[in-house]
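As C-alpha cells, the structure follows; a few thoughts come after it.
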Protein chains: 2
Amino acid sequence: MRLIKNPEERRNEILDAAEILFVTKGYTKATVMDILQACSIAKGTFYYYFQSKEEVMNAIVMRFILNGEASARRVVSDPNLNAHDKIFRIIMAQNQPDDNKLGLIEQLHHVQNVEMHQKSLVETVLRLSPILAEVVEQGIEEGVFHTPNPKESIEFLLVSSQFLLDQGIFQWEEDQLLKKVEAFAHITERVLGAEQGSFAYVTRLYFPHQA
Amino acid sequence: MRLIKNPEERRNEILDAAEILFVTKGYTKATVMDILQACSIAKGTFYYYFQSKEEVMNAIVMRFILNGEASARRVVSDPNLNAHDKIFRIIMAQNQPDDNKLGLIEQLHHVQNVEMHQKSLVETVLRLSPILAEVVEQGIEEGVFHTPNPKESIEFLLVSSQFLLDQGIFQWEEDQLLKKVEAFAHITERVLGAEQGSFAYVTRLYFPHQA
DNA sequence: GTCTATAGTAGGATAGAC
DNA sequence: GTCTATCCTACTATAGAC
C-alpha cells in the first residue's frame, strides 16, 4: 500500500487537508491523526514533511498572507495612481479576499485560535508596512502627506487598526466600533500629516450601510 | 499521607509555586508535575483547584495587572499634578513594577503562550485606557492637549505601543526599537495635539543609556 | 530520498475510590 | 478534598520496504 508522490504535491495535500480541518474543527480540536486519516498517510510521513502541527498552521497562514501582499504590490506598481488612490485600493484589497478564504478568517476570529490569529496579524503588519511606507513616501513627494517617519507611522497605524479593530481580540459593540473607525480616520490624518477629512472615506468602507 | 488544608491556603500555595516555576523555567517548560512536586500534592488536587495550567497563569497575570491599575489610579487622583506629570508617572509606574514581578514580565515577553500574553495586553489596554483618557481630558482643559477623541486616541496609542513595542510579539533589533520609540513619542504628540517635543522624554524612559 | 508501521515517551487532563 | 489510575494527543524513535 505504498504510494510515492511528488513531494511538493504531498506537502500541498497535507496543507489542504489541514486547512479544511482547522477551519471546520478549529486548530486545537483538529488532531494530527485527523490530518493523517484525511490524506491517508502515516504519522512518520507527516513528521517527515513538517516538524510540528504548529508548523502546518504557519504554512497555511503564510499562503493566505502572501496573497494579500501580492495584491498590494500590484497596486503600488501602478504608475497611474496617486498616493491616496493607492492606499484606498490596498485597503480595499485586504478587506475583500477570495470567498474561499473567508472561512479561514472567521476561524482566526474564534477564541480557540489565538496563536494562529496573532501570527497572521503580525505577519500582515510586517509584509504590508514596507509597501505602504513606499506609498506614504510617494504622498510626501506629491505634497499630500507630511511626516518625518513614514515607515514607523505606517507600522503604528497598521498595528493599531489590525489589533484594536479586530473583533476576535477586542469585542466591541457595533456603535463603539463605528466610533473607533471614525477616530482612526482622524488619527491617520494627523499621523501622516494629511489634509483633514481626506481619510473620512475609510468609515464608509468599514460601514457601507452608514451615512 | 492525606493532608487536608484550608482551601484558600492551598490555592495560594499552588499559585505561588506556579509563579516561581513559570518565571524560572518558563510557562511551557514548567509542567504540571513540577507544580505538584513543589507543593507535594497529587494531580487530582491540582485540577480540583484549577481547571487547567492556563487558568493558573491567568490568575497570576491578573494579580499583576490589578497592581498596575491601582497604581495608575493613585496617580490620577492626585490633585496637585498636571496632565503631563500624570502621564509621565503612569508610564513610569507601569515600567517599574515591584522587583519580584520583573521575572513575570520577562516571561510574558518570551513565553510561547500567545493566548495568555494577548490576554494580559488586552486587559492592560481595557483597564488603563479609561484612566489615561481622564488625564487627556484634564490636559485638554489645561490647554496642553487638543483632540476631539480623547478615549479613542488613547486606545490607539496604548494598543500600538503595547503590541508593536512588545518584544514577545515583534522581535526588533535594538536600533529599530529605538527608532520606533522615538517615532512613537512624535506620533503621540500629533495624535493628542500636544506641543512638539513634549513627549520626547519617553525615549529616555525606554532607553536610559542613550543620549 | 520517500514512505509505512509500530512502539513508546511526556505532559495535560479526567474519573472515581476513599 | 485528596488520591491513584488512566486517558488522550503531540511528538519521537526505529526498523525496514521501495
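Just so it is clear, the values below take in all heavy atoms, side chains as well, and ignore hydrogens, waters and symmetry mates. Residue numbers begin at 1 in each chain, while the letters A, B, ... track the order of the sequences. Only a predicted model underlies this, so the values are computations on that prediction, with no experimental measurement involved.
Here the side chain of A:Trp172 pairs no donor or acceptor atom with the backbone of A:Leu178 at under 3.5 angstrom. Between the side chain of B:Thr45 and the backbone N or O of B:Ile41, no donor-acceptor pair lies under 3.5 Å. Of the possible polar contacts, one joining the A:Arg190 side chain to the B:Val191 backbone as a donor-acceptor pair under 3.5 Å is found. The backbone N or O of B:Ala194 sits nowhere less than 3.5 Å from a side-chain atom of B:Ser198 that would complete a donor-acceptor pair. Distance alone, capped at 3.5 Å, places no donor-acceptor pair between the B:Asn67 side chain and the B:Phe64 backbone.
B:Lys179 and A:Glu152 are not joined by a salt bridge, as no carboxylate oxygen comes within less than 4.0 angstrom of a charged side-chain nitrogen. A salt bridge between B:Lys86 and B:Glu134 is absent, with no side-chain N of the basic residue lying under 4.0 Å from a carboxylate O of the acidic one.
By the 6.0 Å and 45° rule, B:Lys53 stacks over the aromatic ring of B:Tyr27.
The NZ atom of B:Lys53 sits 15 Å away from the P atom of C:dA10 (whole-angstrom rounding). Atom CD1 of A:Ile4 is separated from atom C1' of C:dG1 by 9 Å (rounded to the nearest Å). Taking atom NZ of residue B:Lys25 and atom C1' of nucleotide C:dG11, one finds them 12 Å apart after rounding to whole Å. Look at CZ on B:Phe22: it is 14 Å from P on C:dG11, rounded to the nearest Å. If you measure from atom CZ of B:Arg11 to atom P of D:dT2, you get 14 Å, rounded to the nearest angstrom. The CG atom of A:Asn6 sits 14 Å away from the C1' atom of C:dC3 (whole-angstrom rounding).
For DNA chain C, the neighbouring residues in residues 29-38 of chain B, judged by any heavy atom under 4.0 Å, are B:Ala30, B:Thr31, B:Val32. DNA chain D is contacted by B:Ile41, B:Ala42, B:Lys43, B:Gly44, B:Thr45, B:Tyr48, B:Tyr49 of residues 41-50 of chain B, taking any non-hydrogen atom closer than 4.0 Å.
In this structure, the ring of B:His84 has its center less than 6.0 angstrom from the ring center of B:Phe199.
Of the candidate nucleotides D:dC11, C:dT2, D:dT2, C:dT2 has the atom nearest to the side chain of A:Pro7.
Between A:Arg10 and C:dC3 there is a side-chain polar atom (N or O) within less than 4.0 angstrom of OP1 or OP2.
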